[in-house]
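Here's the structure we're looking at; comments come further down.
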Amino acid sequence: MIDFIQMIVSGVATGSTYALMGLAMVIIYKTSEVPNFAQGEMALITSYFAMMLLTTMNISVYLAFFISFAFAAILGAFLEFVILRRAKEPNVLGMIVITIGIEMVLLGFVSWKFGAEEKTMPFPIGPYDGFIVGGIYISKLDVLTLISALFFMIVLYLFFKFSKLGLAMKATQQNSVAAQIVGIKTNRIMMMTWGISSLVGATAGLLISPTVMQPFMMWDPMLKGFAAAVMGGMTSLPGAVIAAYMLGIIENLFGGYISIEFKTVVAFAIIVLVLCVKPSGLFARHYVKKV
Amino acid sequence: MDMKRDYYEDVELFSSPVVVFWFIVLIGSLYLFPMFVDNYYVYVANYIAINIIVAAGLNLLVGFTGQISLGHAGFFAIGAYGTVILMIKAGFPFLLALPCAALVAAGFGFLLGLPALRLEGPYLAIATLGFGLTITQIIGRVELFGGRDGLHAPDLTIGPWVLDTDKEFYFLVITLTIFLLLFMRNLIKTRVGRAFIAIRDADIAAETMGVNIVFYKTLAFAISAFYAGIAGGMYAFVLKFIEPEIFTLLMSILFLAMVVVGGLGSMLGSVAGAVLLCWLDLKLRNILDIPYLGEWLKDLSENWFSITGVSNIQYIVFGSIMIAIMLFEPLGLYGIWIRMKKYWRTWPF
Amino acid sequence: FAEEGVTDTEIHIGSYGPQTGPAAAWGAVPRGTSGYFKWINDNGGIHGRKLVYHMFDDGYNPAKTKAGVKELQEGTGIFAWAGGVGTSPGLAIKGYLAKKNVPWVGPATGSREFVNPPQKNLFAVYPLYEGEAKVLVNYAIETMGKKRVAIAYLNDGYGKNGLRGALTSLKSHGMESVAQVPFEAKDSDLKPHIMKLRQAKPDMVLLWITPGQAAKVVGISKAMKFDTQFMSVSTCSDFIFMNAITKGAWEGVITGTFGEVPDSKLPLMAKYKKEIFDKYAAKEERWGIFYYAGILFVEPMIEGLKAAGRDLTREKFITAMENIKGFKGVGPEVNFTPYKKGDIYSRQGTSQTFLVQCLKNGKSKRLTGLIDTK
Amino acid sequence: MEFSFFQVDNLSISFGGIKALQDISFTMNKGEIFSVIGPNGAGKTTLFNCISGLYKPDQGNIRFKDNSIEKMTPDKIARIGIARTFQNIELFDHMNTMENIMLGRHIHMKTGLFKGMFLWGKSSFSGKEEIQHREKVESIIDLLELQNVRDKFVGALPYGTQKLIELGRALALEPELLLLDEPCAGMNTEEKQDMIFWIKDIQDDLGISILLIEHDMKMVMDISDRVLAINFGKPVTLGTPDQVQQNKEVLKAYIGEDG
Amino acid sequence: MANMLEVKNIETYYDLVYAIRGASFAVEEGSITAILGNNGAGKSTILKTIMGLIEDQPDKGTIEFEGVQIQHKDTDEIVRKGIAYVPEGREVFEELTVHEHLLMGAYTRKDSSMIKNDIEKVFDYFPVLKERTNQWAGTLSGGEQQMLAIGRALMLRPRLMILDEPSLGLSPLLVKDIFSIIKEINQNGTTILLVEQNANMALSISSTGLILENGRFVMKGKSKDLMEDKDVKEFYLGIKSETSAKGYQRWKRKKAWR
Ligand SMILES: Nc1ncnc2c1ncn2[C@@H]1O[C@H](COP(=O)(O)OP(=O)(O)OP(=O)(O)O)[C@@H](O)[C@H]1O
Ligand SMILES: Nc1ncnc2c1ncn2[C@@H]1O[C@H](COP(=O)(O)OP(=O)(O)OP(=O)(O)O)[C@@H](O)[C@H]1O
Ligand SMILES: [Mg+2]
Ligand SMILES: [Mg+2]
């Protein structure tokens with residue numbers, strides 16, 4: 001029983017990271033229909049940036065994190081402004097290739113600057129700090145990740161739901177020409193969503209970093225976050241988060257009770273099954289084109 | 001004057017004697033190529049040709065039928081493993097094992113095509129991505145497939161010939177590549193190809209015109225997987241050793257990038273995309289050997305970055321090239337080529 | 001001159017290793033070799049010749065490894081290959097170099113495939129993972145009296161070799177493992193694996209996984225109050241590093257070694273650090289096990305080159321290598337014998353390891369003398 | 001059982017709360033031009049979507065010749081001889097005019113995967129077939145006077161031309177029943193006149209029966225043999241153009257009080 | 001009266017296609033101006049150029065709105081100046097509901113209290129839309145989408161409203177309604193620029209008519225005068241075609257004005 005609960009707890013912990021990445025992917029997809037493959041690396045470079053601040057400058061963690069969040073937001077907006085916006089008559093696949101390109105550039109940059117060796121980020125909460133409640137181990141860092149994920153989900157959900165902006169984002173995604181002709185500053189919206197998304201993703205990166213940092217650390221969370229976002233419906237913030245926790249928990253239970261070697265791929269198998277039944281994910285209405 | 005002038009021309013393999021001439025020159029030089037270059041370049045040519053086959057197949061799926069696949073490394077792996085295992089375990093000769101393995105890949109393509117019928121965009125991307133990862137995972141766990149220790153490719157003999165050098169293998173690879181490309185080109189010019197494009201552009205209209213969407217969508221997956229399978233089978237003999245971790249997600253992404261960078265829906269584009277990206281992938285590791293630039297980069301690394309990570313500049317260059325091509329020409333290399341043709345035609349005015 | 005890759009003044013040596021990609025941490029190995037060769041050259045070279053070192057980045061992608069090796073071998077002309085990181089990149093070129101009969105010394109991998117069957121041109125220096133695992137498990141059972149052994153292994157050649165060795169040892173003691181938990185190199189969420197291990201209630205866990213994963217497993221286990229003796233592979237014997245990334249949790253872990261530990265008092269090590277590392281290494285390089293492994297793996301090669309004399313041919317070099325007996329550099333003793341079919345130790349030069357335990361602050365304590373793994 | 005060329009019986013379909021079609025019934029004779037009129041959102045296009053198999057009706061049957069087609073897939077329905085055009089143009093943007101129409105020949109061609117791969121010039125099977133069908137396509141291009149756009153990508157062509165190409169594509173199918181959804185929308189008087197002419201031609205020369213949706217009353221009255229008026233998915237009246245035009249309800253809901 | 005919109009000598013290219021070949025015209029404040037022209041003449045292109053929807057175009061020429069040059073400005077900026085646009089082909093947001101469309105139409109407006117009111121007004125104009133309030137626009141019928149596009153533009157409370165074939169796909173009754181609505185909006189102070197195929201209707205409500213051929217204006221004048229013009233009668237109003245199609249009267253090859 002304890003094992004079972006522990007697995008659930010671990011699943012939630014893992015799911016939180018996925019949820020953050022998933023949220024970040026959803027935010028961008030909501031406005032531009034682009035699955036952003038650079039999401040992980042945007043978080044990566046922010047994490048290394050934070051580490052650089054902490055190790056070379058003598059500033060407090062809080063200040064460093066604050067600066068890093070600002071950095072993440074600016075980075076996201078900058079990438080949109082300098083690269084994605086310049087794409088001439090972009091199609092979705094072209095945009096995917098562009099984000100893959102950005103991903104490579106950022107990855108190369110981080111590896112070039114910081115090398116491949118594993119590092120950890122100095123952080124007030126140690127990676128292995130935690131408490132044991134009734135035989136169940138709960139890591140403090142995981143709790144923080146969970147809180148961040150829920151916090152972002154709720155804040156963003158309310159923000160998009162109750163501001164005109166949320167609707168404007170969806171409008172932009174649906175038809176950017178039409179969005180422009182009702183006066184939506186699509187460019188600004190894009191830039192803003194890239195900024196917000198980068199910030200949310202960076203949170204995941206920063207919370208992974210105290211445990212271990214190396215240039216490829218964001219690959220798995222990014223893919224799983226993407227998978228969760230798809231399972232949730234790709235445009236639904238709560239959907240992405242719920243799906244992320246489902247994935248985290250399923251992975252842990254599957255690893256614990258069935259087969260650990262197929263743990264990583266079970267997530268994808270489940271997603272395919274879900275998509276067979278609901279082709280637009282769990283929490284999105286499926287639109288069938290009318291002629 | 002005659003509006004119907006190209007009634008027949010479009011159907012012909014070559015639209016004019018000039019094209020025939022250049023085609024023969026091209027084929028000739030392809031076959032003579034190994035006589036004039038180092039063996040290393042022959043190896044590279046083999047490697048690139050194999051990627052061209054995958055790219056052409058993937059283009060049928062992505063460019064022509066409008067689906068996306070991030071799992072082609074999976075089909076590639078099936079082809080590679082299938083061929084080697086059929087040869088080692090079942091004693092098939094290479095020329096039989098290769099198509100059989102590719103058919104197995106095509107079968108998997110068909111299966112993957114079924115859920116793909118209702119999926120699009122990121123949903124399909126994730127489904128195919130999952131497929132690719134699962135395949136390598138399964139191969140890595142099953143002892144029959146050599147597990148993670150990998151498999152060594154047996155000696156390659158076709159009838160009386162023993163193909164154990166890159167040059168000998170080259171003739172096989174290049175022949176197959178030429179034929180597969182021609183098949184593909186023929187196919188997309190006919191009814192079947194038109195049906196694929198129709199599905200991409202307006203699937204509902206295609207359906208009401210009598211195109212069986214289920215059939216053609218799964219067929220596209222199957223053909224595409226078949227090509228990847230053939231390529232994979234030959235790849236096993238280029239490397240002489242295969243191991244599941246070779247067939248990574250990165251490989252699938254690279255395949256997709258070849259197609260998109262080359263130009264969606266253009267055969268020539270796929271060839272160009274595969275050549276460019278493979279060549280860059282192989283060549284960029286020598287970026288520091290470039291005179292001046294290399295030195296400057298070294299200086300830069302010492303002062304601002306790290307010299308131990310200097311090789312990573314290749315990622316930056318690679319990524320930048322991909323971005324640049326897509327930014328300026330959404331049709332990729334093929335689009336650039338069209339632009340150049342237009343420009344030269346009107347030159348110097 | 002008569003032999004490929006040898007001129008009046010130069011000997012061309014090739015090597016490869018990932019400087020990019022997920023395995024790039026291993027990239028320090030060929031860089032260590034590079035420093036070592038520079039040092040040799042600055043100290044007069046070999047019989048009046050300088051070593052010209054050609055090293056390239058293959059990103060741990062076998063296709064690229066093969067391309068690079070061919071390019072150098074056929075373009076520049078390489079006399080012999082030194083080091084070379086990784087099992088699958090190595091296996092992709094093994095046959096090629098064999099066919100050309102180009103000597104290859106010290107591939108940076110402890111997999112059995114490189115010496116089983118032995119190959120005339122290929123001299124392995126890295127102690128076999130299998131043997132190392134055997135020694136570790138023997139020690140746990142015989143000296144520490146452990147009864148319940150669990151094995152965490154990476155699901156690839158590296159991990160499987162370790163697993164095989166551990167199982168052999170267990171079997172010879174009439175025991176069985178209480179758990180075998182496979183890891184994927186890409187796995188970053190390790191809690192399920194740890195749960196699996198914990199369920200088996202082992203009193204010793206052998207970790208044959210990547211250093212980063214090992215760090216996480218040990219760290220989380222400690223935090224979960226899952227107290228057990230962790231033992232691990234020589235790639236995790238860089239205690240200063242492991243201690244840093246586990247924030248001190250690595251204390252108490254026992255590992256094998258493939259040579260001296262970085263803070264060893266051995267005079268030769270101190271000399272290398274001072275004369276090679278301090279002088280030639282880039283400022284962000286670390287005197288860790290990967291860097292000095294780059295030296296360790298090719299020390300026998302230099303020995304062989306010296307012994308082969310001024311009239312350097314591949315034939316002579318191979319013969320010289322075969323005659324290396326009891327050579328001692330910073331690694332364990334190296335012995336080769338003339339090529340004999342089926343005798344893996346004619347080409348597997350090292351078969352010794354010793355065990356160390358991590359103390360506070362990453363200091364290491366030597367637990368055993370050199371143990372032969374044969 | 002009595003035989004009729006095309007017959008719709010008690011057709012009903014609803015989307016969520018909206019009853020898009022309720023109890024629609026009519027029969028069509030061979031060679032007839034039959035129009036469906038009704039206000040926007042009355043369910044005309046939905047009726048077409050049911051006939052061409054894109055929607056599965058909740059109730060009712062559709063019979064064409066000897067087949068019951070309401071459960072068939074769209075491609076099957078095309079194969080037995082029903083072709084259609086779309087209200088919002090659905091052309092294949094990345095093909096030129098000729099290829100678009102060529103796709104209409106899809107069901108008449110036999111080239112499959114293997115024969116397609118072996119298109120070695122004009123004497124191969126698929127080459128011959130291609131040429132043979134292209135001749136047909138050229139005759140349609142000539143008929144609709146599309147010669148000067150035959151090699152242009154359709155995406156950038158003017159709206160009216162695109163509508164024509166859609167018609168051509170449907171004709172290439174050599175259907176027995178042709179469904180036209182607002183073929184004249186977006187055309188000026190002159191172009192409409194041309195279109196009327198072609199539709200008549202198609203009926204007379206090719207003997208194709210036509211089911212037509214159109215908002216231009218003049219055209220409907222001019223060319224239809226019979227007219228069905230629907231509103232809110234329900235049939236209002238069915239009869240000759242004149243009868244329908246006189247109907248009070250039609251006048252009120254559709255044409256406007258003053259006629 | 002002052003000219004609200006003044007287009008001077010614009011030239012527009014689609015890549016290499018020369019679509020507008022130097023067109024000038026002006027729209028008087030408070031007027032209804034109609035542009036007529038054949039299929040492919042470039043009517044939609046002119047409107048798109050005004051709205052800044054064709055990248056980097058116009059190639060030459062200027063467009064002034066209330067004395068301010070607006071060419072090469074972003075579309076949203078142009079919209080914010082008070083120009084609403086009903087595009088050809090509707091351009092609805094497929095997966096937004098009718099209600100959401102109308103909200104989006106008022107996106108740039110600050111007076112949020114009035115928005116509700118205006119939504120009701122749109123529903124008054126188009127009662128069908130009210131029944132479809134929560135339906136996705138993509139599933140509306142063609143005519144409903146057209147109404148929605150017009151309603152969305154109305155929500156902006158524009159100073160100038162540009163409509164590209166507003167009657168496309170509407171029932172005869174609604175066509176009449178649309179034109180009376182346009183007239184009503186105009187009387188409430190909105191200037192109208194209209195592209196139509198339904199020349200009869202367009203000319204009957206407009207004050208000025210323009211005829212476009214091959215990217216150039218070939219005729220300008222008071223609508224009343226145009227309606228009397230022989231050529232216009234023949235080619236656009238179809239007066240001569242009284243003999244019905246049943247008489248197989250074929251239109252002669254048309255010759256262009258030059
Ligand atoms: N897939 C669908 N989902 C929901 N509602 C639908 C769907 N298809 C059609 N409808 C509704 O059914 C009704 C009939 O639509 P239809 O397209 O048949 O109208 P129509 O008669 O063709 O009108 P128009 O003349 O404007 O084209 C409309 O109110 C429409 O909103
Ligand atoms: N995206 C495009 N690319 C290239 N050419 C185009 C494009 N759009 C339109 N054209 C061309 O520009 C010309 C003008 O087109 P436009 O759509 O403005 O005509 P229109 O007068 O609105 O016709 P319609 O009455 O059919 O709507 C046409 O010849 C058309 O072929
Ligand atoms: Mg309709
Ligand atoms: Mg137009």
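All of these numbers come straight from a predicted model, not from anything done at the bench. Below, chains carry the letters A, B, ... as their sequence lines are ordered, and counting in each starts from 1.
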What closest approach, in Å, do B:S224 and B:G57 show between heavy atoms, and which atom pair accounts for it?
-> OG-O, 2.9 Å
Could you tell me which portion of A:V92 (side chain, backbone, both or neither) has an atom closer than 4.5 angstrom to a non-hydrogen atom of chain B?
-> neither
Using non-hydrogen atoms only, which part of B:F131 is less than 4.5 Å away from chain A: side chain, backbone, both, or neither?
-> neither
Please determine, among A:G281, A:A87, A:P35, A:P279, the option with the most heavy-atom pairs under 4.5 Å with chain B.
-> A:P279
Greater than 12 external heavy atoms within 6.0 Å of A:E33's CD = yes
Sort B:R118 into side chain, backbone, both or neither according to what part of it lies under 4.5 angstrom from a heavy atom of chain A.
-> both
Interchain contact, B:L250 with chain A, by part (heavy-atom threshold 4.5 Å) | side chain
B:I204 portion near chain A, given a 4.5 angstrom heavy-atom threshold | side chain
Report yes if the side chains of A:L273 and A:V277 come closer than 4.5 Å at any heavy-atom pair, otherwise no.
-> no
Using non-hydrogen atoms only, which part of A:I96 is less than 4.5 Å away from chain B: side chain, backbone, both, or neither?
-> side chain
Does a donor on one side chain and an acceptor on the other come within less than 3.5 Å for A:Y18 and A:E251?
-> yes
Of all the heavy-atom pairs spanning A:G205 and A:S209, show the shortest one and how long it is.
-> O-OG, 2.6 Å
Are there more than 12 heavy atoms of other residues, nucleotides or ligands under 6.0 Å from atom CZ of A:F216?
-> yes
Flag the pair A:T235 / A:K170 as yes when at least one side-chain heavy-atom distance between them is below 4.5 Å, and no otherwise.
-> no
Mind ranking B:L119, B:T308, B:L117 by heavy-atom pairs under 4.5 Å with chain A and telling me who comes out on top?
-> B:L119
Nearest heavy-atom contact between A:T120 and A:V212 is CG2-CA, 4.2 Å
Atom group of A:I271 that falls short of 4.5 Å from chain B, counting heavy atoms | side chain
Proximity of A:F114 and B:F305 rings by center, below 6.0 Å = no
Heavy-atom pairs under 4.5 Å with chain A, option from B:V261, B:L249, B:L256 with the top count | B:L249
Can we call the ring centroids of A:F37 and A:F226 under 6.0 Å apart?
-> yes
Sequence-distant partners of A:Y257, side chain to side chain contact (heavy atoms under 4.5 Å, CB included), two or more places apart = A:F4, A:M7, A:L253
Against chain B, label A:S280 side chain, backbone, both or neither, depending on which of its atoms sit under 4.5 Å from a heavy atom there.
-> both
Establish, from distance only, whether the side-chain atoms of B:E245 and B:T136 form a donor-acceptor pair under 3.5 Å.
-> no
Greatest number of non-hydrogen atom pairs under 4.5 angstrom with chain B, of A:I102, A:L107, A:L106, falls to A:I102
How would you list, in number order, the residues of residues 59-78 of chain B that have a heavy atom less than 4.5 Å from chain A?
-> B:V62, B:I68, B:L70
Would you name the heavy atoms of B:F196 and B:A220 that are closest together and state the gap between them?
-> CE2-CB, 3.7 Å
Measure the CD-OG1 distance between A:Q174 and A:T31 for me, rounded to the nearest 0.5 Å.
-> 12.0 Å
Are A:K113 and A:Y48 side-chain neighbours, meaning at least one heavy-atom pair lies under 4.5 Å?
-> no
Donor on one side chain, acceptor on other, B:S306 and A:W112, under 3.5 Å = no
Contacts of residues 313-324 of chain B with chain A (heavy atom under 4.5 Å) | B:I313, B:Y315, B:I316, B:F318, B:G319, B:S320, B:M322, B:I323
In terms of heavy-atom contacts, A:G201 and A:M21 come closest through O-SD, 4.0 Å
Residues 23-30 of chain A vs chain B, non-hydrogen distance cutoff under 4.5 Å, contacting residues -> A:Y29
CZ/A:F283: more than 12 non-hydrogen atoms of other groups inside 6.0 Å = yes
How many angstroms lie between CD in B:E302 and CD1 in B:I307, if you round to the nearest 0.5 Å?
-> 4.5 Å
Side chain, backbone, both or neither: which part of A:A116 has a heavy atom under 4.5 Å from chain B?
-> neither
When the 4.5 angstrom heavy-atom criterion is applied to A:V274 and chain B, the contacting part is neither
Looking at B:Y334, is B:R339 sitting on its ring face, NZ or CZ under 6.0 Å from the six-membered ring centre and within 45 degrees of the normal?
-> no
